[in-house]
Amino acid sequence: MNYWLMKSEPDVYGIDHLAAEPGQTDHWDGVRNYQARNMMRDQMKVGDQVFFYHSNCKEPGIVGIMEIAREGYPDFTAWEDPEGKYYDPKSDPDNPRWYMVDVRYVRHLKRIITLRELKQYADGELADFPLLRRGNRLSIMPVTKTQWAFILGLE
DNA sequence: GCCAACGTTGGC
DNA sequence: GCCAACGTTGGC
């Protein structure tokens, strides 16, 4: 089993949105970055555990856990609505450029583990954690089993 | 709202 | 294939 972290802006789609979905499951659409796409398309497996991270907000940090419910498949938001935010004329059903996965809500953390707190371990236990790397902008990143356990231990 | 960092685009 | 221009991300 693999571990991941996925970012979303809570004003756009936060963990409470996911928890309120039917079956507490939804597709993770709108990723338009090749590295992130490759992880969803090629590496994520059903049952993988994922940290839900709130970005671009007052208190950025890890707010909960979800799991992969369906493995990579074409992101139809690239073509369903030409006026849509995620429309990309270079992607179509016959030759999809973008992929997504389905995620299922597991639980909220007992408290938000903030980016500020995680940074305290940037030179220690979380030295290789991509989230803390300078200038990092990846919206999806792998988490090692060790990092996963350490972060959950902070809860 | 600012702006540093980074990815993508497109002219050459 | 280089690289300047541009757009986006995301912390602060």
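Just so it is clear: chains get the letters A, B, ... in the order the sequence lines come, proteins before strands, and each one is counted from 1.
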ask   = Are OP1 or OP2 of C:dT9 and a side-chain N or O of A:K7 less than 4.0 angstrom apart?
value = no

Gap between atoms CZ and C1', on A:R137 and C:dG7 respectively (whole Å) = 9 Å

request  = May I have the step-by-step check of ring-ring contact (aromatic ring centres under 6.0 Å, His included) for A:F150 and A:Y121, ending in yes or no?
outcome  = CA-CA 10 Å; A:F150 176 76; A:Y121 307 98; 4.9 Å; yes

request  = By nearest nucleotide on DNA chain B, pick out whichever of A:N56 and A:N136 is the more 5' one.
outcome  = A:N56

request  = Whole angstrom is fine here: how far is it from CE in A:M6 over to P in C:dT9?
outcome  = 15 Å

inquiry  = Just the rounded figure in Å: distance from P of C:dG11 to CZ of A:R133.
reply    = 16 Å

key: Non-hydrogen side-chain atoms of A:S8 and A:Y53 separated by less than 4.5 Å   = no

query = Just checking A:K90: base, sugar-phosphate only, or nothing, at a heavy-atom cut-off of under 4.0 Å?
reply = sugar-phosphate

ask   = Please give, in whole Å, the distance from B:dG7 C1' to A:R134 CZ?
value = 16 Å

task = Could you please name the option among C:dG10, B:dG7, B:dT8 that lies closest to any side-chain atom of A:Q35?
result = B:dG7

query = Which pair of non-hydrogen atoms, one from A:E71 and one from A:V46, has the smallest distance, and what is that distance?
reply = OE2-N, 2.9 Å

ask   = Strictly under 6.0 Å, is that where the ring centroids of A:Y34 and A:W98 end up?
value = yes

ask   = Can you check the A:N33 CG to B:dT9 C1' distance for me, whole Å?
value = 15 Å

inquiry  = Could you tell me how far apart A:L131 (CG) and C:dT9 (P) are, to the nearest whole angstrom?
reply    = 16 Å

inquiry  = Just the rounded figure in Å: distance from C1' of C:dC12 to CD of A:E59.
reply    = 13 Å

query = Counting only side-chain N and O atoms of A:Y53, is one of them less than 4.0 Å from OP1 or OP2 of C:dG11?
reply = yes

ask   = Just to confirm, is there a sub-4.0 Å distance from OP1 or OP2 of C:dG10 to any side-chain nitrogen or oxygen of A:K58?
value = no

inquiry  = When you compare the side chain of A:M141 with that of A:W4, does any pair of heavy atoms fall below 4.5 Å?
reply    = no

ask   = Rounding to a whole Å, what distance do you find between A:L132:CG and C:dG11:P?
value = 11 Å

